[in-house]
Number of protein chains: 2
Amino acid sequence: MGKQMTEMLKGTLEGMVLAILAVQPAHGYEITAQLRDQGFTDLVEGTVYALLIRIEQRGYVDVTKEPSEKGPPRKVYTLNAQGREYLEEFWNTWSFLAERLEQLRQEGK
Amino acid sequence: MGKQMTEMLKGTLEGMVLAILAVQPAHGYEITAQLRDQGFTDLVEGTVYALLIRIEQRGYVDVTKEPSEKGPPRKVYTLNAQGREYLEEFWNTWSFLAERLEQLRQEGK
DNA sequence: TACTAGTAGATAGTACCACTGACTAGTAGG
DNA sequence: CCTACTAGTCAGTGGTACTATCTACTAGTA
């Protein structure tokens, strides 16, 4: 992963994970795999797991432990009301930034 | 400035400043004022000055010192060839991220 | 003279977050 | 037994924006 992308992911990766959880509950390994499929090939598991712990502690997700057919039990994360509210804020912040950047890109032709 | 925005600016603020310099040379105070006008009202000068020193050390900009009618001499930054190349990379990285985010937003309806 | 506001830049210290690189635990196939 | 895959954890590092404060110069004003 380029250093540019690494820095740009700060702040946005969190929103991306919340957006994934807004579609349906998921566990860490699954989220990592999905993001990698979407092109973030070098994303490391450790980063996602740490992020999940963070948003759990902030109360944006509910957690249930479910047995897995293979490997240790999964921690399944579900976006709750507080998380949805925070996600909406995220989209607002994102929209603002994206608009400004698009504007700057146009100005530079 | 919200904490969300603060984190999101990591990685993108640099690109924004380079994009501003791609339009025309400018000095730090000017860049800060422009960004504030565009809605980043809480952006602090210190951040921009530190960023400018960084991109100068990396060789993305050329610097000339010009006397000011008011206050100490200005450091005018001009984007050079290396900086333009880096800016193009930035837009590529940004486009990729923005597309993925937009896709996630659609999926969540 | 002294004070204030505006212009212009610098910097030490802090917090946050993604990464690196390792580790534990469980299951299945050779 | 050994490897590979699944699933999660964690200490340490580096980069970046922030906070807060500082220097330096000019103009206006009381």
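First the proteins, then the strands, lettered A, B, ... as listed; each starts at 1.
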Side chain of [X]: nearest nucleotide among [options]?
{"X": "A:Glu7", "options": "D:dT9, D:dT16, C:dA10", "answer": "D:dT16"}
{"X": "A:Leu51", "options": "D:dG8, C:dA18, C:dC19", "answer": "C:dA18"}
{"X": "A:Arg58", "options": "D:dG8, D:dA17, C:dC17", "answer": "C:dC17"}
{"X": "B:Thr47", "options": "D:dA7, D:dA17, D:dG15", "answer": "D:dA17"}
{"X": "B:Ala50", "options": "D:dC10, C:dG9, C:dT11", "answer": "C:dT11"}

Are [X] and [N] close enough that a side-chain N or O sits under 4.0 Å from OP1 or OP2?
{"X": "B:Arg54", "N": "D:dA17", "value": "yes"}
{"X": "A:Lys3", "N": "D:dT16", "value": "no"}
{"X": "A:Tyr49", "N": "D:dG8", "value": "yes"}

Open item on the list: So if I define the base as every atom that isn't primed, P, OP1 or OP2, how would nucleotides 24-30 of chain D read as a B/S/- string at a heavy-atom cutoff under 4.0 Å?
Closed with: BBS----
- [ ] Indicate yes or no for a side-chain donor-acceptor contact from A:Arg74 to the backbone of A:Pro67 under 3.5 Å, with no hydrogens or angles considered.
- [x] no
Open item on the list: Quick check against the 3.5 Å criterion: does A:Arg36 have a side-chain atom that pairs as donor or acceptor with the backbone of A:Leu43?
Closed with: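 Confirmed, A:Arg36 side chain pairs with A:Leu43 backbone.
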Open item on the list: Suppose we screen for ring pair (Phe, Tyr, Trp, His ring centres under 6.0 Å). Which residues come up paired with A:Tyr60, at least two apart in sequence or across chains?
Closed with: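 Checked A:Tyr60 against ring pair (Phe, Tyr, Trp, His ring centres under 6.0 Å); matches are A:Tyr86.
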Open item on the list: For a quick check, tell me whether the side chain of B:Lys10 and the base of C:dC17 share a donor-acceptor pair closer than 3.5 Å.
Closed with: no
Open item on the list: What verdict does the salt bridge (charged side-chain N to carboxylate O under 4.0 Å, His left out) test give for A:Glu89 and A:Arg84, after you've listed the backbone C-alpha separation in whole Å, the side-chain angles of each residue and the deciding distance to 0.1 Å?
Closed with: CA-CA 9 Å; A:Glu89 263 181 70; A:Arg84 279 180 201 286; over 6 Å; no
